Amino acid sequence: MSIKSAAAKIFAKRIFDKTQKWANNPVATQQKVFRNIIRQAKKTTFGNDHHFAHIKTFEDFAKKVPVRDYEALKPYIEKVVKGEENILWKGKPLYFAKTSGTTSGAKYIPLTKASMPFHIQAARDAILHYIHETGNADFVSGKMIFLQGSPELDEKNGIKLGRLSGIVAHFVPKYLQKNRMPSWETNCIEDWETKVDAIVEETFNENMTVISGIPSWVQMYFEKLKQKAGKPVGELFKNFNLFIYGGVNYEPYRAKFENLIGRKVDSIELFPASEGFFAYQDSQKEKGMLLLLNSGIFYEFIKSDEFYSENPRRYTIGEVELQVNYVLIISTNAGLWAYNIGDTVQFTTLKPYRVIVSGRIKHYISAFGEHVIGKEVECALKEAMEHTNIRVNEFTVAPQITPKEGLPYHEWFIEFENEPENFSAFAEAINEAMRRQNVYYDDLIVGKVLQNLVITKVPKNGFQEYMKSIGKLGGQNKIPRLSNDRKIADVLTCKNEI
């Protein structure tokens with residue numbers, strides 16, 4: 001065992017013990033966070049407008065501060081972008097994380113001196129929890145890679161801005177600098193396909209032990225490695241044993257990854273976003289990710305099926321239940337207040353509080369009142385693929401309301417690595433799994449409002465071509481699992497017809 005590995009184990013034990021203290025006192029921890037962020041923002045423009053000086057309890061806060069999305073908070077953010085101080089948080093942000101908005105164009109999410117350290121700490125602690133539980137620390141001596149956006153930053157009114165992953169690249173600890181790949185120059189390449197080719201060349205002969213990134217884009221890297229090496233990634237990188245990912249559910253990709261790697265490797269799931277680092281997988285034995293209650297974020301939860309009602313109840317951490325779909329609402333030390341990030345979560349354990357990301361509140365299908373969510377389609381596909389050789393590269397689902405003949409249906413656009421021998425049987429298996437996942441969908445099938453789902457095969461690299469066509473190839477961009485319209489479906493259909 002190297003000195004670096006031994007030191008990592010000691011540090012991991014210390015961080016694990018520290019985590020247990022707040023994880024075992026969740027309500028008190030969140031109350032402390034709540035009081036702290038309210039106190040620090042009292043004299044901001046937002047704090048004055050919403051009478052923070054008179055807020056003593058969460059009930060006071062809920063009465064004075066409505067739930068907002070980016071569009072509703074935008075008047076305040078625009079002042080921050082113009083360079084004004086003390087608007088949402090004390091002073092000015094350190095950075096803006098620039099993200100793509102569907103209705104608002106570019107979104108500028110503030111990152112402050114108070115919030116930035118937690119983005120770095122959470123990623124570190126996820127790895128340390130893995131080391132503590134498994135005793136595996138040998139990988140810290142090898143090379144590590146994160147497929148991320150460019151670290152080159154722009155500037156707007158004295159505040160630097162860029163993609164979150166590019167901003168985080170500036171904060172890699174010194175003890176990891178020698179292990180980190182790719183090079184700064186390669187990381188700065190903007191064109192994703194060119195960048196992946198460069199990363200392949202740069203890492204091909206290295207001792208890669210940890211690889212991380214969004215699964216769909218890591219898959220492209222693995223495919224190019226396998227093609228160049230003429231053998232599985234796991235044979236090329238013999239000490240590669242840990243995959244770290246976030247952004248999408250890994251399960252639909254797992255079979256394909258194990259085929260590309262040639263063996264199973266451990267994985268750690270993360271739940272990062274520009275708005276905050278919310279959770280990480282703290283155990284290889286338990287389902288879900290540990291919700292980070294001590295990281296400057298105060299959480300609220302609204303039941304998904306009540307979200308669009310006139311005055312939905314806002315729950316705090318001590319009031320949530322298992323297996324209920326909640327919209328995640330946050331207030332943070334970056335100056336986001338009762339902010340709807342758009343993600344939905346379900347709790348898998350309450351001692352400690354662990355969550356899975358179940359989907360997006362805007363990514364669903366409810367053309368007929370079925371309200372199908374991302375978790376349900378992912379689980380149905382996984383169930384249908386079990387005990388088969390079928391492997392899927394990517395997929396998305398949309399409603400077909402006006403078919404040329406017959407009843408409406410859900411259309412599944414799937415790019416296969418290994419196709420089913422019998423498409424009808426595979427579609428039936430997914431359909432039956434969907435009926436078990438969603439009682440409303442089952443009712444619509446039984447009541448002959450919907451016919452069974454239909455699979456439309458997407459050509460090899462079809463989804464990559466789609467993302468490229470809309471300027472979102474690579475980085476942190478990903479295909480929505482569900483759409484309640486046919487904007488994506490119609491493009492994919494046209495491509496299939498050419």
Side-chain angles (χ1 to χ4, degrees), residues 1-24 116-148 151 164-165 167-184 187 199 202-203 205-214 218 233-234 236-246 250 257 261 263-272 277-286 288-296 352 354:
M1 180 187 300
S2 69
I3 294 174
K4 203 169 188 179
S5 298
K9 288 186 177 183
I10 294 170
F11 190 32
K13 175 65 165 62
R14 186 185 307 165
I15 294 301
F16 174 80
D17 291 342
K18 187 177 179 181
T19 300
Q20 296 309 295
K21 290 181 180 179
W22 61 256
N24 290 330
M116 195 66 225
F118 290 107
H119 285 271
I120 314 306
Q121 179 181 307
R124 178 203 70 185
D125 289 357
I127 296 174
L128 291 172
H129 274 75
Y130 171 82
I131 291 173
H132 176 75
E133 182 183 57
T134 66
N136 176 18
D138 292 340
F139 63 85
V140 301
S141 299
K143 297 289 187 178
M144 306 179 189
I145 189 172
F146 184 81
L147 295 183
Q148 59 191 177
L164 175 65
S165 61
I167 293 170
V168 169
H170 291 261
F171 290 84
V172 175
K174 287 184 179 180
Y175 59 84
L176 287 181
Q177 290 288 359
K178 290 182 179 179
N179 301 68
R180 162 185 158 180
M181 296 196 80
S183 66
W184 188 267
N187 234 357
I199 292 173
E202 201 167 287
T203 59
N205 293 312
E206 296 289 346
N207 176 30
M208 302 303 302
T209 57
V210 178
I211 296 172
S212 57
I214 291 178
V218 175
V233 174
L236 177 64
F237 301 144
K238 296 184 183 301
N239 296 314
F240 167 47
N241 282 299
L242 183 59
F243 173 52
I244 303 173
Y245 67 95
Y250 180 41
F257 267 55
I261 298 167
R263 53 183 166 82
K264 293 184 178 182
V265 298
D266 286 346
S267 60
I268 301 174
E269 183 176 8
L270 309 178
F271 185 9
F277 202 125
F278 306 121
Y280 58 71
Q281 183 180 348
D282 65 316
S283 174
Q284 296 289 302
K285 302 172 185 175
E286 300 289 342
M289 296 173 284
L290 182 70
L291 188 65
L292 303 182
L293 304 176
N294 193 36
S295 58
R354 293 191 181 97

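For the numbers below, each heavy atom of this structure counts, side chains included, while hydrogens, waters and symmetry mates do not. Treat the numbers as computed from the prediction; the structure is a model and nothing was measured.
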Search all heavy atoms of [X] against all heavy atoms of [Y] and return the closest pair with its distance.
| X | Y | answer |
| --- | --- | --- |
| Gly288 | Arg354 | O-CD, 4.0 Å |
| Ile268 | Tyr130 | CD1-CB, 3.5 Å |
| Ile199 | Thr203 | O-OG1, 2.7 Å |
| Met289 | Leu270 | SD-C, 3.8 Å |
| Leu128 | Ala8 | CD2-O, 4.0 Å |
| Ser141 | Lys4 | OG-CB, 4.2 Å |

Hey, is the main chain of [Y] close enough, under 3.5 Å, to the side chain of [X] for a donor-acceptor pair?
| X | Y | value |
| --- | --- | --- |
| Asn239 | Phe139 | no |
| His129 | Asp125 | yes |
| Arg180 | Ala169 | yes |
| Ser212 | Ile145 | yes |
| Ser267 | Phe243 | no |
| Asn187 | Pro182 | no |

Open item on the list: Check this for me: does any side-chain nitrogen of one of Asp17 and Lys13 sit under 4.0 Å from a carboxylate oxygen of the other?
Closed with: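 Yes.
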Quick check for you: to the nearest 0.5 Å, what is the distance between [X] atom [atom1] and [Y] atom [atom2]?
| X | Y | atom1 | atom2 | value |
| --- | --- | --- | --- | --- |
| Leu291 | Asp282 | CG | CG | 11.0 Å |
| Met144 | Ile127 | CE | CD1 | 6.0 Å |
| Ile10 | His132 | CD1 | NE2 | 13.0 Å |
| Ile15 | Gln121 | CD1 | CD | 6.5 Å |
| Ser5 | Ile3 | OG | CD1 | 10.0 Å |

Is there a side-chain contact between [X] and [Y] in this structure, where contact means two heavy atoms from C-beta onward sitting under 4.5 Å apart?
| X | Y | answer |
| --- | --- | --- |
| Arg263 | Asn241 | yes |
| Lys238 | Asn207 | no |
| Leu242 | Thr209 | no |
| Tyr280 | Leu292 | yes |
| Thr19 | Leu290 | yes |

Open item on the list: Do Asn294 and Lys18 pair up side chain to side chain, a donor and an acceptor below 3.5 Å, judged on atom types alone?
Closed with: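 No, Lys18 and Asn294 have no side-chain donor paired with an acceptor closer than 3.5 Å.
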Open item on the list: Less than 3.5 Å apart, any donor N or O on the side chain of Thr134 or Gln284 sitting next to an acceptor on the other?
Closed with: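 Gln284 and Thr134 do not have a side-chain donor-acceptor pair below 3.5 Å.
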Open item on the list: Can you classify the ring geometry of His119 versus Phe277 as parallel (below 30°), tilted (30 to 60°) or perpendicular (above 60°)?
Closed with: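 His119 and Phe277: perpendicular rings.
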Task: Identified side-chain contact (heavy atoms from CB on, under 4.5 Å) partner of Val218 from the options Tyr245, Tyr250, Phe257 - done: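 Of all the options given, the one that passes is Phe257.
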